[in-house]
Amino acid sequence: MATLAPPQAIPEKFQLPTPPEVATSTPILNYAPTRSPIDIFKMAVAILVSEAFEEKLEKIYPAVEMGKKGCDFSVAIVRFKKGKPADLEVWAKKVIDNFKPSACLSAVSTPDNKFLLFQMNKDSFNYHLLRHITLTSEAALANPTDPTLSYGTTTEGQGKHMLIDFSSPNIAKPFHAGHLRSTIIGTVISNLYEANGWRVTRLNYLGDWGTQYGLLSVGFDKFGDEQELIKDPIHHLFQVYVKINNAKAEQKERLDAGETIPEEDQIHFQAKKVFKDMEDGEPKAIAQWARFRDLSIEKLKGTYEKLNVHFDVYWGESQVSTESMDRATRIVQEKNLTCEDRGALLVDLTKYKMDKAIIRKADGTTIYLTRDLGGLHDKWEKYHFDKHIYVVQAAQSLHFNQLFKTAELMGEPYADKLQHISFGLVKGMSTRKGTVVFLEDIMEEATETMHEQMKSNEAKYAQVEDPLGTSAIIGTTAVKIQDMAGKRINDYDFDIKRCTSFEGDFGPFIQYSHVRLCSVQRKNPNVPVPVSVNEIDISLLNEPKINDIMYHLATYPQTVKNAYNSSEPSQLVTWCFRLSHLVGGAWETVKVAGADEETAKARLFLYIQTRVVLANAMRLLSLTPIERM
């Protein structure tokens with residue numbers, strides 16, 4: 001870890017009191033100098049009220065509300081003290097009488113003896129907030145491999161390991177909207193866990209096994225083209241898959257009409273035989289399947305790179321060990337959890353208000369549940385995770401409920417460490433040319449739309465170093481933000497025209513706000529750039545619009561924590577939109593240009609730190625902040 005120069009001393013008027021030692025298991029009460037300033041100022045309120053009310057600090061602290069009742073902090077007296085208005089007035093007076101202005105708080109009042117209203121020492125708060133952002137960003141820049149050093153991060157999960165399974169496309173099939181949602185949400189959840197100190201392993205569990213791959217193999221023998229396979233494996237294999245499915249459906253119609261087709265010539269039986277050969281390890285069947293898989297993975301890696309997504313492990317159904325699957329089947333039978341139906345073996349979960357689930361088909365081949373149970377054992381043996389998250393569409397909730405309950409009934413040591421994070425459907429994911437299947441078509445159109453809009457301003461376009469690369473980043477931002485803007489469990493209608501708009505709360509607006517903040521320094525080259533908050537007059541940052549920006553910056557750590565606890569990227573997106581609006585609102589009145597030197601320096605410093613925090617939030621959302629557009 002790089003060594004940083006010690007920070008400049010805090011001026012005496014801004015030095016904060018050190019909170020007393022508190023014996024509590026509540027992490028927020030364990031004071032540390034690196035804590036977000038908002039927590040320290042909130043703590044000052046809690047200490048004052050706890051002493052006056054003679055209540056435990058850990059009971060008061062969670063009751064301190066921010067930004068309500070027209071003040072910085074408020075506490076409901078009736079939450080702790082009961083009685084007539086005169087009784088409540090006694091408690092309120094006790095707090096007011098004990099109050100002394102400090103570097104944390106400047107005033108306290110009670111308009112109705114129901115609530116205590118506190119005002120922060122604004123200059124002190126602004127000083128500590130900007131100082132904290134500066135010091136954390138310096139630490140993060142000096143140690144780029146440690147995600148817990150940036151403003152808003154914690155080390156809460158230090159020493160813990162989270163394994164996350166997301167994206168999980170099927171090889172030889174297009175990257176569809178469901179996989180895109182899993183990819184975007186899974187990436188942000190991974191980032192949030194890392195920002196809270198967890199060691200994260202990103203695993204892409206590919207759908208690379210099953211009867212459909214027997215069908216694909218049969219189809220390639222009939223319709224495949226080597227040159228097309230090398231050129232674009234996923235697209236070509238999808239075309240083959242469509243053709244063989246159509247041929248299979250046509251053959252079924254002939255059979256239903258009474259035509260006799262020898263079993264060995266029936267596509268359905270040919271596919272089953274190839275998959276049985278794959279399960280038995282027949283060299284030719286395995287070699288062809290492995291080639292399809294390897295080519296598909298290479299193509300997928302290119303798609304992920306465009307989405308600013310990476311994986312630590314590419315795994316798949318095919319790599320689940322036979323021993324682990326046999327072990328799972330043996331245990332459920334030994335624990336009398338199974339029943340049989342027409343030769344198939346099922347786990348009976350009806351007493352837990354779930355359906356029976358097949359664990360072995362009648363022909364002896366495996367199915368999803370078998371492979372997932374075996375896969376869990378393999379992953380546990382390899383990773384010994386503290387948590388394992390699956391990011392999969394809500395339609396698969398029953399399967400994961402069955403998987404988790406079966407693991408629990410089997411007595412597996414990891415059964416209580418599993419979590420399914422679900423999400424809703426994407427409707428109408430199409431381009432103007434009509435319904436499409438491939439993500440590449442969506443991304444290409446988003447890029448083209450952004451490129452056309454950028455070209456409409458010739459002067460700014462000429463200043464962009466890589467216009468096509470920049471338009472691709474903005475296009476990707478547009479698609480991702482539309483996906484994350486609402487709660488993940490909600491379905492949403494994909495609209496490429498709306499999501500690529502610069503008007504309204506869409507992805508390009510966030511990028512535009514970051515570009516604006518980057519431009520302040522470029523447009524004011526004669527204004528000295530302060531290195532630390534000690535080099536500015538903090539009292540000059542006193543406009544209401546500046547206070548709104550400061551207050552919002554202060555809420556960032558809690559927003560990150562809330563998004564982490566709820567696995568909701570939308571909370572971060574909403575925060576970014578709000579900051580973008582606040583910056584836009586201040587842009588024309590809180591200017592650097594034209595202000596006197598000291599005011600210009602203070603405002604420039606504020607805008608630089610605002611840019612730093614917005615960029616942090618964007619990176620957590622897997623977006624790439626750009627500097628010109």
Measuring only between side-chain heavy atoms, which start at C-beta, is Cys576 closer than 4.5 Å to Leu614? yes
Is there a donor-acceptor contact under 3.5 Å from the side chain of Asp491 to the main chain of Leu425? yes
Closest approach of Ser422 to Ser397 (non-hydrogen atoms, all atoms of both residues): CB-OG, 4.4 Å
For atom CD of Gln227, is the number of surrounding heavy atoms from other residues, nucleotides or ligands below 6.0 Å larger than 12? no
Residues 322-334 vs salt bridge (charged side-chain N to carboxylate O under 4.0 Å, His left out), sequence neighbours excluded, gives Arg327-Glu412, Arg330-Glu334
Between Glu317 and Tyr368, is a side chain to side chain contact (heavy atoms under 4.5 Å, CB included) present by the stated rule, with each step listed? CA-CA 8 Å; Glu317 296 176 82; Tyr368 294 121; 3.4 Å; yes
Could you check whether the rings of Phe404 and Tyr390 sit parallel, tilted or perpendicular, using 30° and 60° as the cut-offs? tilted
Treating His377 as the side-chain partner and Ala328 as the backbone partner, does any N or O pair qualify as donor plus acceptor under 3.5 Å? no
Any salt bridge (charged side-chain N to carboxylate O under 4.0 Å, His left out) pairs touching residues 256-271, not counting sequence neighbours? Lys252-Asp256, Arg254-Glu259
State whether a side-chain donor-acceptor pair under 3.5 Å links Thr201 with Asp312. no
Residues Ala485 and Ser570: closest non-hydrogen pair is O-CB, 3.6 Å
Does CD belonging to Gln333 count more than 12 external heavy atoms closer than 6.0 Å? yes
Without swapping roles, check the side chain of Asn490 against the backbone of Tyr492 for a donor-acceptor pair under 3.5 Å. no
Between Thr447 (side chain) and Gly475 (backbone), is there a donor-acceptor pair under 3.5 Å? no
Side-chain contact test, heavy atoms from C-beta onward, threshold under 4.5 Å: evaluate it for Ile442 versus Leu180 and give yes or no. no
Restricting to non-hydrogen atoms, name the atom on Asp348 and the atom on Cys339 that form the minimum distance, rounded to 0.1 Å. CB-SG, 4.3 Å
His388 side chain to Leu163 main-chain N or O, any donor-acceptor pair under 3.5 Å? yes
Once salt bridge (Lys or Arg N to Asp or Glu O under 4.0 Å) is applied, do any residues pair with Glu226, and if so which ones, sequence neighbours excluded? Arg291
Check the pair Leu369 / Ile358 against side chain to side chain contact (heavy atoms under 4.5 Å, CB included), numbers first and verdict last. CA-CA 7 Å; Leu369 182 60; Ile358 298 174; over 6 Å; no
Give a yes-or-no answer on whether the side chains of Asn246 and Glu250 include a donor-acceptor pair shorter than 3.5 Å. no
Compare every heavy atom of Ser471 with every heavy atom of Leu468, then report the nearest pair and how far apart it is. O-OG, 2.8 Å
By the salt bridge (charged side-chain N to carboxylate O under 4.0 Å, His left out) test, which pairs, at least two apart or in different chains, include something from residues 276-289? Lys273-Asp277, Lys276-Asp280
Ignoring hydrogens and geometry beyond distance, is a side-chain donor-acceptor pair present between Tyr564 and Glu156 at under 3.5 Å? yes
For the ring pair Phe292 and Phe220, is the centre-to-centre distance below 6.0 Å? yes
Tell me, please, whether Tyr414 has Lys379 positioned over its six-membered ring: NZ or CZ under 6.0 Å from the ring centre and within 45 degrees of its axis? no
Could you pull out the closest heavy-atom pair between Arg199 and His161, with the gap in Å? O-CD2, 3.1 Å
Side chain of Glu408, backbone of Asp416: donor and acceptor closer than 3.5 Å? no
For Ile297, does the CD1 atom sit with more than 12 other heavy atoms under 6.0 Å from it, leaving out its own atoms? yes
Using the six-membered ring wherever Trp is involved, compare the ring planes of Trp380 and Phe385 and label them parallel, tilted or perpendicular (cut-offs 30° and 60°). perpendicular
When you compare the side chain of Ile244 with that of Lys222, does any pair of heavy atoms fall below 4.5 Å? yes
Just by modelled atom types, is the Gly207 backbone N or O under 3.5 Å from a matching donor or acceptor in the Tyr213 side chain? yes
Verify, without hydrogens or angle tests, whether Lys480 (side chain) and Ser622 (backbone) share a donor-acceptor contact under 3.5 angstrom. yes
Given side-chain hydrogen bond (donor to acceptor under 3.5 Å, both in side chains), test Asn204 with Tyr304 step by step and report yes or no. CA-CA 11 Å; Asn204 197 342; Tyr304 291 129; 2.8 Å; yes
Answer with yes or no whether the side chains of Tyr314 and Lys301 bring together a donor and an acceptor at under 3.5 Å. no
Would Ile389 and Phe166 satisfy side chain to side chain contact (heavy atoms under 4.5 Å, CB included), going step by step from the backbone distance to the final call? CA-CA 8 Å; Ile389 290 174; Phe166 65 100; over 6 Å; no
Residues in side chain to side chain donor-acceptor pair (under 3.5 Å) with Asp466, at least two apart? none
Quick one: closest heavy-atom pair of Ala285 and Met278, and the distance? CB-CG, 3.9 Å
Sidechain-backbone polar pair: Thr211 side chain, Lys272 backbone, donor-acceptor under 3.5 Å: no
Between the main-chain N or O of Thr187 and the side-chain N or O of Arg202, is there a donor-acceptor pair closer than 3.5 Å? no
In sequence, state the C-alpha distance, the side-chain angles, and the governing distance for Leu572 and Leu192, and then conclude on side chain to side chain contact (heavy atoms under 4.5 Å, CB included). CA-CA 10 Å; Leu572 264 179; Leu192 287 167; 4.0 Å; yes
Lys306: partners by salt bridge (Lys or Arg N to Asp or Glu O under 4.0 Å), with sequence neighbours left out: none
Stepwise, does the side-chain hydrogen bond (donor to acceptor under 3.5 Å, both in side chains) test hold for Asn308 with Arg619? CA-CA 10 Å; Asn308 198 21; Arg619 291 187 186 97; over 6 Å; no
